[in-house]
2 protein chains.
Amino acid sequence: MGFLFYIIYICLMNPLIQHIQKFISLSESEAKIVLSYFEQENFKKKQLLLEEGQISNKQYFILKGCIRFYINNSKGVEQTMQFGIENWWITDYLSFQYQTASHFNIQAIENIEVLSIDRKSFDELLDQVPKLERYFRLVIQKSFGASQVRIRYLFTMSAEERFHHMNNMFPEFIQRVPQYMIASYLDFSPEFMSKIRAGKV
Amino acid sequence: MGFLFYIIYICLMNPLIQHIQKFISLSESEAKIVLSYFEQENFKKKQLLLEEGQISNKQYFILKGCIRFYINNSKGVEQTMQFGIENWWITDYLSFQYQTASHFNIQAIENIEVLSIDRKSFDELLDQVPKLERYFRLVIQKSFGASQVRIRYLFTMSAEERFHHMNNMFPEFIQRVPQYMIASYLDFSPEFMSKIRAGKV
DNA sequence: TAAAAAACTTGAAGTACTTCAAGAAATGAA
DNA sequence: TTCATTTCTTGAAGTACTTCAAGTTTTTTA
């Protein structure tokens with residue numbers, strides 16, 4: 001009985017289960033089923049979780065660490081499309097859903113721990129715990145909203161404003177990630193970022 | 001009996017039901033329930049479906065016509081974030097979900113017909129037909145994918161390339177919408193668009 | 001702890017766009 | 001069918017960035 005409580009305890013303490021519980025409620029037995037579909041994976045700094053041209057066969061929930069979603073632009077320069085940290089889901093949803101080649105790369109910026117689920121298991125999980133449809137709808141909805149806000153910033157702010165805005169909103173993040181990645185995320189050159197920071201613009 | 005068949009027929013012929021059927025299957029009776037939650041609304045060209053500062057209380061499915069999702073930038077210029085045509089869903093999902101003030105405007109570019117559903121009805125509908133959770137998840141997932149692709153284009157292509165790309169992909173659309181809206185969607189000035197079209201860049 | 005690699009800085013020169021202003025063309029309204 | 005409004009065009013001048021190249025600092029590796 002003590003052992004069982006322990007199992008339940010570790011299930012409910014799991015970051016993924018806690019995240020799900022923010023959106024929908026899950027019983028202990030459902031939590032256990034959910035977790036049984038996931039596998040923990042670790043990646044080293046700079047390792048790729050997905051490479052351009054591959055089919056994104058897995059969806060990841062970040063337990064620990066920071067990753068980025070990037071492309072190689074026409075000049076061969078890496079351009080960061082999105083960052084992900086603890087409690088974020090990350091995948092190329094189009095490639096994952098339609099099993100088509102991805103245009104994006106996903107890379108660990110730090111040593112990371114993620115929970116992963118492949119496409120087939122994901123479908124099975126949703127059939128077995130249909131409640132999760134709502135959870136994933138809400139998660140994607142938030143990501144989509146964030147993506148729209150991002151486009152709004154790109155459209156309405158100058159390079160310098162975008163930098164200061166990000167600096168105010170996520171100061172710890174600016175410390176955590178190389179500057180050139182932030183620069184490309186904000187859509188300007190690393191040199192220009194250097195000048196902004198030095199107040200030389 | 002003939003009358004009943006007729007009802008079923010008009011339900012299944014409805015563009016929304018047909019759209020839903022592309023993602024999940026729906027019985028005739030479910031189709032009827034779904035439609036009972038929606039209301040048809042018509043808007044005239046230039047009318048606003050949502051105005052910045054308001055809470056987006058409705059979600060729209062476009063039956064006919066073309067709309068745009070735009071912001072007023074810091075210089076008071078309207079900047080198009082997104083277009084919507086037949087069979088697209090449109091709303092500010094963040095404002096709709098969390099009932100917060102929207103930063104966006106939604107406007108009819110042509111005289112339009114939409115199906116609308118308010119937030120409360122939407123929740124009820126999902127409770128009554130839980131299958132739809134998956135439908136909406138997939139719809140939003142596609143929108144999110146499109147949004148990511150859009151950012152990719154903004155990052156990797158020059159103004160001229162973005163124009164030619166859009167011109168190749170959606171030639172009929174370029175005809176349908178004023179040039180200055182396309183220019184702002186592609187993130188350059190209407191004057192520059194004019195020069196691109198004239199081959200004067 | 002040294003050497004190598006990665007990340008950041010600086011200034012000078014260049015460019016892809018924007019802004020402005022004025023006119024022409026197309027569309028809509030009476 | 002005309003007048004008013006909206007949309008599109010053009011050239012000249014300006015600017016917010018980029019690119020390049022070289023040096024400095026920081027981090028990683030052995």
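Reminder, nothing fancy here: chain letters follow the sequence lines and each chain counts from 1.
With rounding to whole Å, A:F192 atom CZ is found 14 Å from C:dC17 atom C1'. Following rounding to the nearest Å, A:M181 (CE) and C:dC8 (C1') show an atom-to-atom distance of 14 Å. The distance from atom CG of A:N111 to atom C1' of D:dT29 is 15 Å, rounded to the nearest whole Å. Counting to the nearest Å, the P atom of D:dT19 and the CE atom of A:M193 are 17 Å from each other. One can place CD1 of A:I109 at 16 Å from P of D:dT27, the figure rounded to the nearest angstrom. For A:I196 and D:dT18, the CD1 to C1' distance is 13 Å, given to the nearest whole Å. Protein atom CZ of B:F188 is 12 Å distant from nucleotide atom P of D:dT9, rounded to whole Å. With rounding to whole Å, B:L186 atom CG is found 11 Å from C:dT18 atom P.
Residue B:E191 places its side chain closer to C:dA21 than to any other of C:dA7, C:dT9, C:dA21. Closest approach to the A:Y180 side chain among C:dG11, C:dT19, C:dC8 is made by C:dC8 (side chain taken as heavy atoms from C-beta onward). Set against D:dT18, C:dC17, C:dA7, the side chain of A:P178 has C:dA7 as its closest nucleotide. Here D:dT9 is the nucleotide among D:dT9, D:dT6, C:dT9 with the atom lying nearest to any side-chain atom of B:Q179. You'll find that the side chain of A:K195 is closest to D:dT19, out of D:dT19, C:dC8, C:dT19.
Here A:F38 and A:F61 keep their ring centres 6.0 angstrom or further from each other.
In this structure, the side chain of B:E39 does not engage the main chain of B:S116 through any donor-acceptor pair within 3.5 Å. Side-chain N or O atoms of A:R134 include none that pairs as donor or acceptor with a backbone N or O of B:E133 at under 3.5 Å.
If you check distances only, the side chain of B:K45 never reaches the base of C:dG28 with a donor-acceptor pair under 3.5 Å.
Ion pair B:R176/B:E86 flagged as a salt bridge, since at least one NZ, NE, NH1 or NH2 atom sits closer than 4.0 Å to an Asp/Glu carboxylate oxygen.
Taking a 6.0 Å sphere around CH2 of B:W88, one finds it holds 12 or fewer heavy atoms contributed by other residues, nucleotides or ligands.
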